[in-house]
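Remarks on the structure that follows.
We count ligands from 1, going down the list as the structure has it; atoms in each ligand are counted the same way.
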Amino acid sequence: MNRHSREELRIGRREIEHHVVWDIHRAEVVARRAVWIVNAFVGKQHHGIQRRLAHKLQQMLRINSLQVFIDHATGEPELANHEAREHPMPPAQSQPAARARHPVADHVNVQVDPERALARRAIRNRARAHARIHADLKMPSASGSTSTITSSLLGHARLRSSSPQSIIWAAMKFDYDVVIVGGAFSGAATALMLKRKHPAARVLIVEKAAEFDRKVGESTTEVSSAYMTRILGLSNYLGHHHLVKQGLRMWFSNQDPQQRFDECVEIGARYQARLPTFQVDRSTLDSHMLDLAVTAGCDLRRPAKITRIDLDGTNGQSVSLTSDPSVAEQFSCRWVVDASGRASLLGRKLGHFRPNKEHPINAVWARFSGVKDWDSYEWRERFPDYANACRTSRSWATNHLMGHGWWCWIIPLRGGDVSAGLVYDSRIFKLNEGANLGERLRSHMLTHPVGREIFGAASVIEHDVHAFSALPYSNEQVCGDGWAAVGDAAGFIDPLYSPGLDFCSYTSYYVADMLAAGLAGEDTTDRRRYYNEQYPITYRLWFETLYKDKYFYMGDAELMSAALLLDVGSYFVGLVTPLYKNPEGEFLRLPFEGAPGRIVAKMMSFYNRRLVALARRRMEAGVFGRRNTGWRELYDGFVPDIRVRKLIQKGLFRWWRAELTNLRLMFSQPARRVAAEPGAPSTLPLQQERI
Ligand SMILES: Cc1cc2nc3c(=O)[nH]c(=O)nc-3n(C[C@H](O)[C@H](O)[C@H](O)COP(=O)(O)OP(=O)(O)OC[C@H]3O[C@@H](n4cnc5c(N)ncnc54)[C@H](O)[C@@H]3O)c2cc1C
């Protein structure tokens with residue numbers, strides 16, 4: 001065979017392959033759509049009916065392997081095999097009652113059993129609902145037995161068109177029910193919850209990264225952990241693959257270069273954490289969650305980037321994606337979920353995106369190797385009081401170094417690397433210059449006595465240094481008819497206290513629930529209204545109560561410890577306790593809801609504003625951070641019950657004591673201004689000068 005014929009043969013083979021692949025693909029698309037119709041009208045528990053419908057569709061479409069596709073697509077091949085081996089069905093009247101979640105083998109006799117009557121009503125509602133959603137199908141309202149439903153479905157559709165294929169194409173207006181932009185935590189959680197709540201949902205996840213890198217969002221709180229353990233069911237996975245977090249710990253220094261590590265003020269828990277929280281490596285957690293979503297039946301395109309989204313409400317949305325610069329594809333869908341993180345694709349496109357200019361914070365972070373062990377033998381020898389004071393492992397806590405206008409996180413990761421980053425308010429603090437970002441970060445950490453001890457011999461892991469400026473933003477609207485934003489795509493405030501994954505938890509759960517209801521035929525107008533109205537309130541109040549101007553006092557151990565006790569205490573009373581009582585219900589309510597939410601927000605904003613004012617007075621008087629040495633406050637730990645009031649009381653007393661100090665300062669002579677920290681502006685911004 002010469003070269004020319006070999007080439008012709010090769011081209012011929014490729015064409016055949018192409019046609020084979022294309023035909024299989026089409027057959028599968030048709031089959032999936034058929035599955036969707038079957039599921040939409042029948043419900044998962046009635047497999048007998050599914051089989052009959054499948055058989056009918058198979059005859060009409062002449063696709064021999066339709067049932068195989070259906071079994072494959074519904075993910076229950078064992079069930080199909082089991083059913084295939086079943087004996088011929090006895091007469092309908094003698095069938096046992098249909099029970100939800102236990103598929104009956106064949107005919108459902110809706111005449112004889114009240115439970116079956118309920119099932120029949122559910123099916124009828126579902127058929128009506130889908131008829132409403134897919135208006136172009138104009139489905140008649142079903143009546144009578146389920147077999148009447150199926151025959152009326154097929155019969156009526158036949159009246160409209162003689163081609164059986166057109167029944168499918170007419171019913172299936174969209175390629176997918178839901179397309180999710182971004183497959184990280186929020187996208188994968190939304191997909192997973194949606195499939196659990198509405199297994200028939202056809203979901204496509206599009207993720208642009210071929211592999212997830214280690215991103216920020218490594219420390220979980222009691223809220224995000226409750227979501228992961230109680231809602232997503234990841235306890236076992238988290239225990240095996242990540243670290244159990246031992247609370248939040250803060251370290252304050254008086255900026256004296258001679259201050260010893262063990263003279264720094266320490267605030268944190270004395271014992272093991274009472275509720276599960278974790279230090280997660282996001283690259284592995286996000287991958288695992290995405291795998292779960294795919295196993296649950298979602299389609300995944302990866303690496304593939306959404307390049308365009310066109311929204312058209314009930315008429316459907318269209319998304320364009322590229323997986324290879326030269327290949328663009330388009331899919332239609334009923335809903336688009338924006339889980340694209342800070343890219344906030346829809347928010348920016350629709351003009352809802354608003355940077356939060358009241359809170360000009362920036363972050364620089366990296367992963368380090370060679371970081372010292374907080375609980376080592378060597379340290380126990382050198383600092384016995386420090387070692388004996390605490391009964392839990394400090395290494396596995398989220399440790400924060402605190403300063404005026406900045407804080408640094410230190411988060412251990414499974415395997416030994418440590419994530420560390422600096423967040424600062426650019427009104428108060430400026431990062432020192434240096435050779436590169438990693439070095440600048442490291443040299444800043446070394447300005448703190450704890451940082452000097454911990455990071456003295458540590459080195460930055462190459463290519464793992466990152467920075468974001470203007471961290472906070474939100475969207476004025478977070479959903480519409482046919483779209484919704486979740487997680488960081490909706491908004492982000494500040495990483496102190498790690499609320500990022502809390503927001504991801506609330507929003508992904510809420511949106512999954514809303515979409516499941518919509519796909520089941522419910523009207524989602526009220527749910528959309530709630531989400532659009534409540535999200536900006538939650539964002540605003542969360543910001544005002546916990547973060548607004550906090551960087552002005554976070555370097556003072558007395559003021560910040562009062563805030564910590566009050567902030568975390570309120571968090572336990574308002575969010576954590578109810579969540580542990582009723583996670584499924586509480587994750588559907590965004591925080592600071594209604595009048596009680598606003599009253600709590602007012603109280604919290606009040607003490608936060610007062611602490612800012614006290615800090616300014618201390619700054620003016622030159623006593624800011626004066627008590628940042630020689631004490632530690634190790635409390636028993638926060639618990640989601642009445643005992644948390646003790647810690648709140650402690651916080652209140654500390655705040656009121658600071659108010660008394662403030663009165664004394666008001667009537668004493670103005671003292672020298674405290675020396676500003678490296679890089680800090682010498683005066684406070686003008687609007688902060690008056691108390
Ligand atoms: C400095 C800093 C520290 C933080 N620390 C914490 C912490 O300790 N604890 C905590 O809970 N939270 C923390 N957060 C917040 C946390 O990182 C985020 O809330 C969380 O990662 C958001 O997850 P997400 O899934 O919404 O978005 P992301 O994790 O950003 O995921 C978005 C995904 O969308 C994909 N994507 C984007 N555009 C497209 C597109 N066009 N097509 C396809 N795919 C696309 C991306 O590849 C990505 O995988 C921190 C944030 C910052 C800035």
Side-chain angles (χ1 to χ4, degrees), residues 179-191 204-225 227-228 245 248 277-283 285-287 289-290 293 300-309 319-323 336-349 361-366 398-400 406-413 419-424 441 465-473 478 485-508 511:
V179 173
I180 299 181
V181 190
F185 186 94
S186 303
T190 310
L204 171 66
I205 306 170
V206 183
E207 171 51 54
K208 75 174 179 192
E211 277 177 26
F212 291 120
D213 56 2
R214 281 171 157 180
K215 58 179 74 155
V216 274
E218 296 155 315
S219 184
T220 72
T221 62
E222 288 75 10
V223 167
S224 53
S225 302
Y227 186 59
M228 287 187 242
K245 172 177 158 183
L248 170 62
T277 48
F278 303 91
Q279 311 286 22
V280 296
D281 182 331
R282 285 288 301 278
S283 60
L285 174 65
D286 290 10
S287 302
M289 287 173 59
L290 194 52
L300 171 66
R301 296 297 300 269
R302 180 187 200 188
K305 184 175 176 183
I306 296 277
T307 50
R308 189 187 164 117
I309 303 174
V319 295
S320 308
L321 62 88
T322 52
S323 41
V336 178
V337 174
D338 184 359
S340 63
R342 296 179 69 79
S344 192
L345 280 188
L346 280 176
R348 290 179 203 260
K349 174 186 159 72
I361 57 165
N362 311 296
V364 182
W365 70 94
T398 294
N399 285 285
H400 284 179
W406 63 267
W407 61 278
C408 288
W409 76 79
I410 304 170
I411 297 177
L413 297 175
S419 164
L422 162 72
V423 184
Y424 61 94
L441 171 62
V465 185
H466 314 261
F468 279 154
S469 58
L471 290 185
Y473 58 88
V478 284
V486 292
D488 275 19
F492 178 74
I493 305 181
D494 188 316
L496 183 81
Y497 297 142
S498 306
L501 292 177
D502 291 6
F503 270 80
C504 298
S505 306
Y506 281 108
T507 53
S508 62
V511 167

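- Contact atoms of ligand 1 toward Gly487: 26 (O) (distance under 4.0 Å to a heavy atom of the residue).
- Here's the thing with Glu207: one of its N/O atoms is less than 3.5 angstrom from an N/O atom of ligand 1.
- Less than 4.0 angstrom separates some heavy atom of Gly341 from each of these atoms of ligand 1: 27 (O), 30 (O), 32 (C).
- Contacts of Tyr473 classified as ring-ring contact (aromatic ring centres under 6.0 Å, His included), with partners at least two apart in sequence or in another chain: Phe353.
- Annotation: atom 44 (N) of ligand 1 to nearest protein heavy atom, Lys208 N, 3.2 Å.
- Taking every non-hydrogen atom of Phe185 and a distance limit under 4.0 Å, the qualifying atoms of ligand 1 come out as 25 (O).
- Proximity annotation for atom 23 (O) of ligand 1: of Lys215, Glu218, Arg282, Arg282 comes nearest, heavy atoms only.
- Which parts of ligand 1 touch Ser186 is read off a 4.0 Å heavy-atom cut-off, strictly below it: atoms 23 (O), 24 (P), 25 (O), 26 (O).
- For Phe278, there are no ring-ring contact (aromatic ring centres under 6.0 Å, His included) partners two or more places apart in sequence or in a different chain.
- Close contacts between ligand 1 and Leu345 involve ligand atoms 41 (N) [criterion: under 4.0 Å to a heavy atom].
- The contact set between ligand 1 and Ala363, taken as ligand atoms under 4.0 Å from a residue heavy atom, comprises 1 (C).
- In terms of N/O distances under 3.5 Å, ligand 1 is approached by Val216.
- The distance from ligand 1 to the heavy atoms of Ser219 drops below 4.0 Å at these ligand atoms: 7 (C), 8 (O), 9 (N), 10 (C), 11 (O).
- For a threshold of 3.5 Å applied to N or O pairs, the pair formed by Ile306 and ligand 1 contains at least one separation below that value.
- Residue, atom and distance of the protein heavy atom nearest to atom 16 (C) of ligand 1 are Gly217 CA, 3.8 Å.
- The environment of Arg308 atom CZ is sparse: at most 12 non-hydrogen atoms of other residues, nucleotides or ligands sit within 6.0 angstrom.
- Considering backbone and side-chain atoms alike, Trp365 places every N or O at 3.5 Å or more from each N or O of ligand 1.
- Aromatic ring pairs are classed by plane angle as parallel below 30°, tilted from 30° to 60° and perpendicular above 60°; the pair His466 and Trp365 is parallel.
- Those atoms of ligand 1 that come under 4.0 Å of a heavy atom in Leu501, given as number and element, are 10 (C), 11 (O), 12 (N).
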